[in-house]
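The block underneath contains the structure these notes are about, expressed in structure tokens.
Lettering follows sequence order; numbering is per chain, from 1. Note that these values count all heavy atoms, side chains included, but never hydrogens, waters or copies made by symmetry.
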There are 2 protein chains.
Amino acid sequence: METKQANSIFEALSSDVRLDLFRLLVKYAPDGLVAGEIAKHLNVTNTNLSFHLKTLLRAGLITMEKEGRFLRYRADIPVMLDTIAYLTAECCTGHPEQNCTHRAAISVSPAVRPDRGFSG
Amino acid sequence: METKQANSIFEALSSDVRLDLFRLLVKYAPDGLVAGEIAKHLNVTNTNLSFHLKTLLRAGLITMEKEGRFLRYRADIPVMLDTIAYLTAECCTGHPEQNCTHRAAISVSPAVRPDRGFSG
DNA sequence: TCCATATTTCAATATTTTTTGAACTGTTTC
DNA sequence: GAAACAGTTCAAAAAATATTGAAATATGGA
């Protein structure tokens, strides 16, 4: 994952509304929710929800699909996993002579995302 | 991990300077770096570095230790792991009848943090 | 004690992000 | 095709965050 993308993802998760929103979509993965359902869960106006959805969408953390007159949103779990990998990838590599006791703590399983390269 | 803390952590990671800064400290874990060393790695003024260090410190993502006239900063790896667990904990639980193909992808190993409770 | 070093705090400014209400687009139903 | 519905876009105001330079604190060494 590129620095720029990781940055925009953490920026996207930096608002309380959007963190709640993203976690809601993670919870309702893999089917996701339509905008109206999301609005019922979170206490925000439609306009504001739309703004935050767009922010998450631009960051690439969620996807959108048209469904009649509804719009369905889903968390992009592989992107989330890549972001976690980005954060943890270089753990303790600053001192190559020491070995890192954290390295094994996070494993991003290749089985889930066979089509992507892993940095961990 | 509480919602409020997770929120402040993602807010802390939402600036490009702070994301670079935190990843630098993850890289130089577990020894960390003193402020002056950090300044050499990142291209920011002392004042600004201080501001961003304080933000990460308040969020609990890094720790600070006095060392003579230096201040040593370290990434708090367990807090980072808790945050990752917070983000991923409820994955796919919205549909209990379906089983979650992502659940196994992230494992936060208890061996690394025997003194804390795990939400994952 | 005086000076240099390491780093922080303060106050002002600049920039970015969030929120709001009103108006708009597209879809379904009658 | 008109009405109702789902959701978005727009523009303005409000709020939060980042950056800067100058001044302050605190340590270590001559």
Side-chain angles (χ1 to χ4, degrees), chain A residues 3-25 28 31-76, chain B residues 3-25 28 31-76:
Chain A
T3 301
K4 248 185 166 175
Q5 195 196 347
N7 190 198
S8 103
I9 284 171
F10 284 111
E11 255 176 53
L13 290 174
S14 74
S15 121
D16 53 348
V17 174
R18 285 194 299 268
L19 184 54
D20 287 352
L21 173 38
F22 180 69
R23 290 221 319 146
L24 183 68
L25 292 178
Y28 284 91
D31 293 352
L33 296 170
V34 298
E37 292 171 328
I38 296 171
K40 277 176 208 152
H41 282 273
L42 311 175
N43 195 26
V44 285
T45 62
N46 280 359
T47 300
N48 204 17
L49 177 59
S50 208
F51 168 80
H52 289 301
L53 282 167
K54 211 166 65 176
T55 302
L56 286 167
L57 206 53
R58 266 197 307 256
L61 260 179
I62 64 175
T63 62
M64 182 181 110
E65 192 186 359
K66 214 172 170 183
E67 216 172 68
R69 60 175 154 172
F70 302 88
L71 286 173
R72 178 166 296 272
Y73 290 91
R74 293 183 175 88
D76 189 328
Chain B
T3 301
K4 247 186 166 175
Q5 196 197 346
N7 190 198
S8 105
I9 285 171
F10 284 111
E11 255 176 55
L13 291 174
S14 74
S15 118
D16 53 349
V17 174
R18 287 195 299 269
L19 184 54
D20 286 352
L21 173 37
F22 180 69
R23 289 220 321 147
L24 183 68
L25 292 177
Y28 283 91
D31 293 351
L33 297 170
V34 299
E37 290 171 329
I38 296 171
K40 276 176 209 154
H41 283 272
L42 311 175
N43 194 27
V44 285
T45 63
N46 280 358
T47 301
N48 203 18
L49 176 59
S50 210
F51 167 79
H52 289 301
L53 281 167
K54 211 166 67 178
T55 302
L56 286 167
L57 205 53
R58 265 197 309 258
L61 259 180
I62 66 174
T63 62
M64 182 180 109
E65 192 186 358
K66 217 174 169 183
E67 215 173 69
R69 60 176 153 170
F70 302 87
L71 287 173
R72 178 167 295 272
Y73 290 90
R74 291 183 176 88
D76 191 328

So, is [X] close to the [N] phosphate, meaning a side-chain N or O under 4.0 Å from OP1 or OP2?
X	N	result
A/Tyr73	D/dA6	no
A/Asn48	C/dT19	yes
B/Asn46	C/dT7	no

Mind checking side-chain contact (heavy atoms from CB on, under 4.5 Å) for A/Val44 and listing every partner two or more places apart, or none if nothing turns up?
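Partners of A/Val44 under the side-chain contact (heavy atoms from CB on, under 4.5 Å) test: A/Val17, A/Leu42, A/Asn48, A/Leu49.
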Could you tell me which residues satisfy side-chain contact (heavy atoms from CB on, under 4.5 Å) with B/Leu71, sequence neighbours excluded, listed by chain and number?
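Result, side-chain contact (heavy atoms from CB on, under 4.5 Å) vs B/Leu71: B/Met64, B/Lys66, B/Tyr73.
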Apply side-chain contact (heavy atoms from CB on, under 4.5 Å) to the pair A/Leu56 and A/Ile62, showing each step before the final yes or no.
CA-CA 6 Å; A/Leu56 286 167; A/Ile62 64 175; 3.6 Å; yes
Whole-Å distance between [N] [atom2] and [X] [atom1]?
X	N	atom1	atom2	result
B/Lys54	D/dT17	NZ	C1'	13 Å
A/Glu37	D/dG7	CD	C1'	14 Å
B/Lys40	C/dT5	NZ	C1'	12 Å
A/Phe51	D/dT9	CZ	P	12 Å
A/Leu57	D/dG7	CG	C1'	13 Å
A/Arg72	D/dT8	CZ	P	14 Å
A/Ile38	D/dA6	CD1	C1'	12 Å
B/Arg58	D/dA16	CZ	P	14 Å

Protein within reach of the bases, or only the backbone? For nucleotides 23-30 of chain C, mark each nucleotide 5' to 3' as B, S or -, using heavy atoms under 4.0 Å.
---SBS--
Return the residues of residues 6-24 of chain B meeting this criterion: a heavy atom under 4.0 Å from some atom of DNA chain D. Order them by number, or give none.
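Listed by number, they are B/Glu11, B/Ser15, B/Arg18.
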Who are the side-chain hydrogen bond (donor to acceptor under 3.5 Å, both in side chains) partners of B/Thr3, not counting sequence neighbours?
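With sequence neighbours excluded, B/Thr3 shows a side-chain hydrogen bond (donor to acceptor under 3.5 Å, both in side chains) to B/Tyr86, given in chain and number order.
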Going by salt bridge (charged side-chain N to carboxylate O under 4.0 Å, His left out), name the pairs with one or both residues in residues 43-65 of chain B, residues two or more places apart or in two chains.
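Of all non-adjacent pairs touching residues 43-65 of chain B, those that pass salt bridge (charged side-chain N to carboxylate O under 4.0 Å, His left out) are B/Glu65-B/Arg74.
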By the salt bridge (charged side-chain N to carboxylate O under 4.0 Å, His left out) test, which pairs, at least two apart or in different chains, include something from residues 12-23 of chain B?
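Output for this query lists A/Glu90-B/Arg23.
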Within the 4.0 Å heavy-atom criterion, would you say A/Val44 contacts the bases, only the backbone, or no part of the nucleic acid?
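Answer is nothing: A/Val44 stays at 4.0 Å or more from every strand.
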Candidates [options] - which lies nearest the side chain of [X]:
X	options	result
A/Leu71	D/dT19, D/dT8, C/dT7	D/dT8
A/Ser50	C/dT9, C/dT18, D/dT8	D/dT8
A/His52	C/dT8, C/dT19, D/dT9	C/dT19

For the residue pair B/Leu13 and B/Leu19, establish whether any side-chain heavy-atom pair is separated by less than 4.5 Å.
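Result yes, sub-4.5 Å side-chain heavy-atom pair found.
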Residues in ring-ring contact (aromatic ring centres under 6.0 Å, His included) contact with B/Phe51, at least two apart in sequence or another chain
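Residues passing ring-ring contact (aromatic ring centres under 6.0 Å, His included) with B/Phe51: none at all.
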Main chain of A/Glu11, side chain of A/Ser14: is a donor-acceptor contact present, judged purely on distance under 3.5 Å?
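Yes: the side chain of A/Ser14 pairs with the backbone of A/Glu11.
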Going through the checks in order, is the ring pair (Phe, Tyr, Trp, His ring centres under 6.0 Å) test met by A/Tyr28 and A/His41?
CA-CA 12 Å; A/Tyr28 284 91; A/His41 282 273; 5.5 Å; yes
